Q: 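Input: one structure, supplied below.
In this text, all values refer to a predicted model and were calculated from it rather than measured experimentally. In this chain, numbering begins with 1 at the start of the sequence shown.
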Amino acid sequence: MTFDLFARLESQPAGPAGADLDADPAGDYRLVKAAIELMTERWREQPSVEAIAAKLRLTPVQLQRLLVRWAGLTPKAFLQAITLDAARALLKDAASVLDTTYEVGLSGPARLHDLFVTHEAMTPGDYRARGRGLTMRWGLHPSPFGTALAVATDRGLAGLGFAEPGGEAEALADMTRRWPQADYVEDAAATAPYVARVFDPAEWRADRPLKVVMIGTDFEIRVWRTLLRIPMGRATTYSDIASHVGNPKANRAVGTAVGRNPLSFVVPCHRVLGRSGDLCGYHWGLTRKRAILGWEAGQVAG
């Protein structure tokens, strides 16, 4: 765990109690990330709002406003949402989560996001071609979870990842390695509408679905489709996914497929936990995984 951001923050004066700091998604996430790192290290102590705010060089009022604006949760509720106990609660009846049949007309935040996504898969031949013949347009955009990298084809959104400050080129290389034969064109204007819809719950409408295209092996696509069935505010395990895709002993293979999911957040690999509730790995960083789970808790609570 590093606290370089804390060191930078501590060199700055605390803002006045009424100030509204960085009222934008990217600015909010910079502070939320630091708060999560602090809470993760000290969650068993259940640090007070005053202690967390002081570490971030904020007033308690500023911290309260920041988290309510960003996640819809108070600092205390947010701390509870990212603890191990909360993760274990998400796993309640984990096996049955994937077996539940959802009514077409079901609404509410727990299902809106998944009903909003419509997906198709490229053929095995398309996958073996490693993207040959595809034009993939990409762009970097601010998001509630830091800089987002979006990749789109003419058929829909094919990739969504995240970049740390200064790591944009690395994130792009990570994504392009998945389909090395494709032609990549920087075109933020083409990808911006996808990002705007992905991260805005007001745009999660089943009558205006987000089109995504899955490019992977048959097994990977089966795993990714299964991930789409996990409702917001719930979680499942690698072993339950393995059972659901017809190979109960394929935990390791499921873990690999989850890790290779190119559509982060949209295909919710962050909702897969270890059997004990451990967050396990996350391709885009465990701090971001905690942030997403905490943010989703606010959406469901709202």
Q: Which distance, rounded to the nearest 0.5 Å, do you find between the NE2 of H283 and the CZ of R288?
A: 11.0 Å

Q: Can a donor-acceptor pair be found, under 3.5 Å and without considering hydrogens, that links the side chain of R222 to the backbone of V245?
A: yes

Q: To the nearest 0.5 angstrom, please state how far the CG atom of L172 sits from the CG atom of L140.
A: 7.0 Å

Q: Dump the intermediate steps for side-chain contact (heavy atoms from CB on, under 4.5 Å) on V254 and V272, then the final yes or no.
A: CA-CA 10 Å; V254 166; V272 184; 6.0 Å; no

Q: Could you tell me if the side chain of L160 sits less than 4.5 Å from the side chain of V212, heavy atoms only?
A: no

Q: Hey, could you give me each pair passing side chain to side chain donor-acceptor pair (under 3.5 Å) that has a residue in residues 260-270? Not counting sequence neighbours.
A: E220-R260, S264-Y282, H270-E296

Q: Taking the side chain as every heavy atom from C-beta outward, state whether L67 and V32 have any atom pair closer than 4.5 Å.
A: yes

Q: Can you measure from CG (L63) to OG1 (T74) and round to the nearest 0.5 angstrom?
A: 9.5 Å

Q: Enter the distance from M214:CE to I221:CD1 here, rounded to the nearest 0.5 Å.
A: 7.5 Å

Q: Rounded to the nearest 0.5 Å, how far does CZ of R30 lie from CG of D28?
A: 9.5 Å

Q: Heavy atoms only: give me the nearest H141-A150 pair and the separation to one decimal.
A: CD2-CB, 4.5 Å

Q: Do L227 and L286 belong together in a cluster built from hydrophobic side chains that touch within less than 4.5 Å?
A: yes

Q: Report whether L134 and Y184 are members of the same hydrophobic cluster (ILVMFWY, side-chain heavy atoms less than 4.5 Å apart, transitive linking).
A: yes

Q: Can you name the residues that form a side-chain hydrogen bond (donor to acceptor under 3.5 Å, both in side chains) with S239, not counting sequence neighbours?
A: T237, R275

Q: So if you build clusters from Ile, Leu, Val, Met, Phe, Trp, Tyr with side-chain heavy-atom gaps below 4.5 Å, do V300 and V198 land together?
A: yes

Q: Would you indicate whether the side-chain heavy atoms of K211 and R155 approach each other to under 4.5 Å?
A: no

Q: Measure across A297 and A81 and return the closest heavy-atom pair with its distance rounded to 0.1 Å.
A: CB-CB, 3.9 Å

Q: Any side-chain heavy atom of L273 sitting closer than 4.5 Å to one from L279?
A: yes

Q: Do the side chains of E164 and E170 get nearer than 4.5 Å, heavy atoms only?
A: no

Q: For L263 and G159, which heavy atoms make the closest approach, and how far apart are they?
A: CD2-N, 3.6 Å

Q: Would the distance check show the side chain of K55 and the main-chain N or O of L38 forming a donor-acceptor pair, the cut-off being under 3.5 Å?
A: no

Q: Restricting to non-hydrogen atoms, name the atom on P209 and the atom on R197 that form the minimum distance, rounded to 0.1 Å.
A: O-NH1, 3.5 Å

Q: Does Q62 reach the side chain of L66, with side-chain heavy atoms less than 4.5 Å apart?
A: no

Q: Which class fits the ring pair F265 and F199: parallel under 30°, tilted 30 to 60°, perpendicular over 60°?
A: tilted

Q: With ring centroids as reference points, do W284 and F145 lie under 6.0 angstrom apart?
A: no

Q: Please check: side-chain N/O of W70 versus main-chain N/O of P144, any donor-acceptor pairing under 3.5 Å?
A: yes

Q: Going by the salt bridge (Lys or Arg N to Asp or Glu O under 4.0 Å) test, which pairs reach into residues 171-184, not counting sequence neighbours?
A: D174-R177, D174-R178

Q: Can you check whether I230's main-chain N or O pairs, donor with acceptor, with R271's side chain at less than 3.5 Å?
A: yes

Q: Testing the basics here: between R137 and A190, what is the closest heavy-atom pair and its distance to 0.1 Å?
A: CD-CB, 4.0 Å

Q: Quick one: NE2 on H119 to CG on L210, what's the gap to the nearest 0.5 Å?
A: 12.0 Å

Q: Hydrophobic clustering (ILVMFWY, side-chain heavy atoms < 4.5 Å, transitive) - are V49 and L79 grouped together?
A: yes

Q: Do you know the tightest heavy-atom contact between A148 and S143?
A: CB-CB, 3.9 Å

Q: Checking M175 against W138 for the side-chain contact (heavy atoms from CB on, under 4.5 Å) test, could you report, in this order, the C-alpha distance in whole Å, the side-chain angles of both residues, the deciding distance, and whether it holds?
A: CA-CA 10 Å; M175 194 67 75; W138 64 272; over 6 Å; no

Q: Are D154 and T135 packed together at the side-chain level, in the sense that at least one heavy-atom pair is separated by less than 4.5 angstrom?
A: no

Q: With the side chain counted from C-beta on, respond yes when L228 and P268 share a heavy-atom pair under 4.5 Å apart, and no when they do not.
A: yes

Q: So, does W224 use its side chain to make a donor-acceptor pair with the main chain of F219 at under 3.5 Å?
A: no

